[in-house]
Every structure is written in C-alpha cells, then in structure tokens.
2 protein chains.
Amino acid sequence: MRILVADCTVDYEGRLNAHLPRARRLIVVKADGTVLVHADTSGKPLNWMTTPNHLIEEEGRWLITNGKGERLTLDLHEVHFDTQIDLGEDPGLQKDAVELELQRLLAEHLDALEEGMTLIRREYPTPVGPVDLLCRDAGGGTVAVEVKRRGEIDGVEQLTRYLEFLNRDHRLAPVRGLLVAQIVKPQARTLAEDRGIGWREVDYEELAGAESDVLRLF
Amino acid sequence: MRILVADCTVDYEGRLNAHLPRARRLIVVKADGTVLVHADTSGKPLNWMTTPNHLIEEEGRWLITNGKGERLTLDLHEVHFDTQIDLGEDPGLQKDAVELELQRLLAEHLDALEEGMTLIRREYPTPVGPVDLLCRDAGGGTVAVEVKRRGEIDGVEQLTRYLEFLNRDHRLAPVRGLLVAQIVKPQARTLAEDRGIGWREVDYEELAGAESDVLRLF
DNA sequence: AGTTCCATGTCGCGG
DNA sequence: CCGCGACGTGGAACT
C-alpha cells in the first residue's frame, strides 16, 4: 500500500465527468491497484478508481485508465508525504448478516409468528422476485411472509407486488401478506394495515434463544 | 487527518455485528471525526464510523461510539506508522450528472421516443412528486414519462403513483405512463407491462449525437 | 428533522 | 458471466 498526501487536482471521465480543484488530499494506492482520493471529511472518497486498472506515473501526473473507457487523472503539484508499506493479506471480515439469519430462524420457528403455521417454501419465486417465506396457516390459507431487519414502506410495496401475482394462482389464492421485522416503522404499519397486510415485530435474540433451547433438548 | 498503519483487531456492534481478526491495516481519522479501517484490497473500508461520533483513546485500544448505539472497537497490537497532517478545507467536487442530462436531451428530442410527441412540461408537479416529462402524443393523449439511467422496479412504482394522481385530473385523463431508461431491467419490464405502462430503452450517445447534428446545422 | 430518491453506488448470490 | 436485490448502503434534495 502506498500512502501519500499531496496538493493535487483530479479529473475523472467515465460514467460521469468530475473535476476536483487544487487542494491537499490523501491518496492511497492499494496492493490490488485500487486508487482512492480522500478529503478530510466524510467516509466516502472524493474520487477513486477500483481494480482492475492501469496506472501510468509520469512527472507529477498520474494517469489511471480501466478498459471500460474510464480515466482518472491526478496532477500532483506538491507532495508532502509519500510512503509505502506492505500490509499482507487480510483474513477478511466476519459478519452476522441479520436478514438472512432472521429468515432462516423464522423458517424454523414459524410457530413464533402464528400458531400452527407451516412452511411451503423459502424464496418462493414470482415474476417480480422471490417471496421470503411462503406458508400455510392453521386454517389452510396461504401466507406470504416478507422478512426485513427494519420494516419500511418499500417492504410493504414489495409484499404488495408479490401478493398481486400470487393471488392470480388459483392453487394458492387467496394469499394474505405478513411483514415481519425487528422494527416496523409507523408509516409502514399504516400502509400495511390500509392494504390488509399484517405486520409483526419479532425479537432476534428471543428466536436465537428459542433455537438454542431446542438444541439443548438433544 | 491522522494516518496510521497498525496490526489490529476490530469489532463493530451496531446495525450488525462484525469482527476483524488481527492483521495489518490502514487506519484514518479525519478532521471531522470519521474513522476508516482499510485493508490492501477493495475501494470500500473494512470497517468505519462516520461523524458524529466520540473517540476514547486508551492504552492500545480505541473505543468509538455514536449516540445511536453503535460501537467500534480497535485494538492496536503494534503500530508501524502514525502521522498527522492538516489538509485544510476541500473546495469540493464538481460533477455533471447523467440522469438530468438525459432528461434534458429527451425533452428536446421527444420524437426519438414517439413520432409526433410534444412537451407539456418538464418536472410537472403532482402531490407525490414531480413527473419528469409530461407530454402530449400524436393522438392528443397525455403521457407521463419517467426518466431513469437504469429502469428498475422502483421507477415503475414511482410512475404508478404519479399516474394515480394525474388520472384524477379530468383535464389530463386518461394519462398513460412511459418508463424511459438506458437499460430497463426484466423485472421492471414485467411489472410495467402488467400495469399497462410502456417502457423504452434509449441510447444516450445516440441522443447526444442527434443533438450535435442539430447544432452542426447552424 | 424526516422522507424520498440517486449513485462512478459496492457487494454477494444464484442462474 | 449476467441478473438481481441487499446494504452498517451514503448523500443530496426537498418537505
């Protein structure tokens, strides 16, 4: 990794055209070729070029191009700082994805949603995308469940689209919708209720706990 | 801006939980308080905390919290490099956006969309937001055009909401919808067709070319 | 401040 | 490889 601080002007031509007037900035060139230009505010770089790309370093000017017709030009007027250090490979990030895990947990504990509910299929396909959980309720009716970390308006819209298509399948119809999330926002509640869609908040920890309880039985 | 390279382990708890095993990484603390942790690949930080936040620096451990219950913990096992430099304010980025330009080009070349179509107004207001282009077609019918760089399901939903309101105005009704984009995704096509909304792909270069041809006449 | 919509989005998964 | 949806989306524009 090469790290420098320099007074520079930057130009990008590609998916759009952008220009950065002269100022002092942090420039990082990573081992994989990625180039980042950062100012002293905000998490996002002002400008960048991801790998794969080709860097030509000339007298005070870097020209970075990338096969897709994009081009980043850095004019380095004054370099205040320039160092190189080998970081080695990164073991990478471990993260607990919430939505998928929540979907998996729910699929195995549908009774936590409604007494007597059973799973027809996870990721049930429709022409406008897959329904997270397609279920049968205690009365034999079909229920489309959309799982989100946060239940917002677009979750209700998504479920509405699925229902529109599912209800044309006379083997399934009538299908009702159920939005499940750790938090369901007030606007989403209102819209869901207005459309006859159910909503339910679930506690992740509780479900995870329920699972470890089940495991403990064996 | 403070720039350091250190062998570190990182933990994030907040919108999800994530853990980074020990490795050598670049750590940047910006003047506004933003903290970034970068590995030697990819443009995106492995972990970060944007401003506003609160940083407590202890013996080999940084604790960064942010009022919304998020917490980033950095354990610095060995610091290889640590420097501070003042960048000053950045004059900021100037960029030419694609979508607006596309809308402008289309407004001036409606015949490229449909023979005989004329413009009523750009950014025609409705209670749920402005319609990009409101037009009259060759047969005297009203057409609401939504312009996007990429036509996706969101665009169809947006147009659907506009049509709902426009069609209540008996001076305009019936109004049909037309989604215009450089690329219209299959799911968006399906949904649009299902709702009787038209869609059309246009070539930006071709439009820009048509315009320069016109200019060349003068 | 809350909401909506764009993005040089980036990323990861499934066909 | 492309299509498609999630994202700790981030950020800007607008109410």
Side-chain angles (χ1 to χ4, degrees), chain A residues 10-18 34-37 41-51 53 64 66 68-72 92-93 95-103 123 125-132 146-150 152-155 157-158 161 185-188, chain B residues 10-18 34-37 41-51 53 64 66 68-72 92-93 95-100 102-103 123 125 127-130 132 146-155 157-159 161 181 183-190:
Chain A
V10 186
D11 284 276
Y12 165 78
E13 294 163 61
R15 288 177 267 189
L16 57 68
N17 296 329
T34 300
V35 179
L36 305 173
V37 180
T41 56
S42 144
K44 210 183 144 195
L46 289 168
N47 239 319
W48 67 93
M49 185 79 90
T50 48
T51 185
N53 64 41
I64 304 142
N66 83 343
K68 280 178 285 186
E70 293 174 84
R71 151 197 300 252
L72 186 66
L93 184 65
K95 60 178 172 182
D96 305 340
V98 174
E99 188 184 333
L100 259 172
E101 181 63 7
L102 192 58
Q103 191 193 120
E123 302 288 350
T126 79
V128 288
V131 179
D132 287 340
E146 178 65 27
V147 182
K148 286 265 180 282
R149 191 173 59 79
R150 290 156 53 106
E152 303 188 6
I153 278 188
D154 55 347
E157 294 286 17
Q158 201 175 335
R161 291 194 297 270
K185 295 280 208 97
Q187 290 199 339
Chain B
V10 186
D11 284 275
Y12 165 78
E13 293 163 63
R15 289 181 264 191
L16 57 69
N17 295 330
T34 300
V35 179
L36 306 173
V37 180
T41 56
S42 146
K44 210 182 145 194
L46 288 169
N47 243 320
W48 68 93
M49 186 78 91
T50 48
T51 184
N53 64 43
I64 305 141
N66 83 343
K68 279 178 285 187
E70 294 174 83
R71 153 197 299 253
L72 186 67
L93 184 66
K95 60 180 169 181
D96 303 339
V98 174
E99 187 185 333
L100 260 172
L102 190 58
Q103 189 193 124
E123 303 286 350
V128 286
D132 287 341
E146 176 65 28
V147 182
K148 286 264 181 286
R149 195 171 61 78
R150 291 154 54 107
E152 303 187 7
I153 277 185
D154 287 4
E157 294 289 14
Q158 202 175 332
L159 192 42
R161 291 194 295 269
I183 301 161
V184 180
K185 293 298 191 83
Q187 290 198 342
R189 295 177 184 192
T190 305

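Note on naming: letters A, B, ... go to the chains in the order of the sequence lines (proteins, then strands), and numbering restarts at 1 for each one. Every value quoted in this text rests on a predicted model; they were computed, and no experiment measured them.
- Sequence order on DNA chain D of the closest nucleotides to B:Lys185 and B:Tyr12 puts B:Lys185 first from the 5' end.
- For the pair B:Arg189 (side chain) and B:Val184 (backbone), a donor-acceptor distance under 3.5 Å is present.
- Nucleotides C:dC6 and D:dC7 are separated by 15 Å at their C1' atoms, to the nearest Å.
- Considering only the side chain of B:Ser42, C:dC11 comes nearest among C:dC11, D:dG8, C:dT10.
- Taking CG of B:Asp11 as the start and CG of B:Asn47 as the end, the distance is 8.5 Å to the nearest 0.5 Å.
- Of the side-chain N and O atoms in B:Trp48, one or more sit less than 4.0 angstrom from OP1 or OP2 of D:dG10.
- A:Val10 has its side chain out of reach of A:Leu46: every pair of non-hydrogen atoms, C-beta onward, lies at least 4.5 Å apart.
- In this structure, A:Leu36 atom CG and D:dG10 atom C1' are separated by 16 Å, rounded to whole Å.
- Taking NZ of B:Lys68 as the reference point, atom CE of B:Met49 lies at 9.0 Å (rounded to 0.5 Å).
- Spacing between atom CD of B:Glu152 and atom P of D:dG3 amounts to 12 Å, rounded to whole angstrom units.
- Taking atom CD1 on B:Ile183 and atom P on C:dG9, their separation rounds to 10 Å, with Å as the unit.
- One atom, CZ of B:Arg150, and another, P of D:dG3, lie 9 Å apart when rounded to the nearest Å.
- Put simply, CD on B:Glu146 and CZ on B:Arg161 are 9.5 Å apart, with the number rounded to the nearest 0.5 Å.
- Closest-nucleotide positions on DNA chain C for A:Leu46 and B:Gly43 were compared, and the one nearer the 5' end corresponds to A:Leu46.
- Using a 4.0 Å cut-off, some side-chain N or O of A:Arg15 falls inside it from OP1 or OP2 of C:dG9.
- Checked against D:dC4, D:dG8, D:dA6, the side chain of A:Glu146 finds its nearest nucleotide in D:dA6.
- Rounding to the nearest 0.5 Å places OG1 of A:Thr34 at 7.0 Å from CG of A:Asn53.
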Just the atom pairs and distances: protein N or O near nucleotides 13-15 of chain D's N or O, under 3.5 Å.
none

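- Looking at the side chain of B:Arg161, the nearest of the listed nucleotides D:dG3, D:dG8, C:dC5 is C:dC5.
- Nearer the 5' end of DNA chain D, as judged by each residue's closest nucleotide, is the contact made by B:Glu70, out of A:Lys44 and B:Glu70.
- Under the side chain to side chain contact (heavy atoms under 4.5 Å, CB included) criterion, B:Ser42 pairs with B:Lys44, sequence neighbours left out.
- In this entry the distance linking CG of B:Asn17 with C1' of D:dC7 reads 16 Å, nearest Å.
- For the pair B:Leu16 CG and C:dC11 P, the interatomic distance rounds to 15 Å; values are reported in whole Å.
- Here D:dT9 presents its P atom at 16 Å from CG of B:Asp154, a figure rounded to the nearest Å.
- Here C:dG9 presents its P atom at 14 Å from NZ of B:Lys148, a figure rounded to the nearest Å.
- Taking for each of B:Gln158 and A:Met49 the nucleotide of DNA chain C with the nearest heavy atom, the 5'-most of the two is the partner of B:Gln158.
- Under the 4.5 Å side-chain criterion, counting only non-hydrogen atoms from C-beta, A:Glu123 is in contact with A:Asp132.
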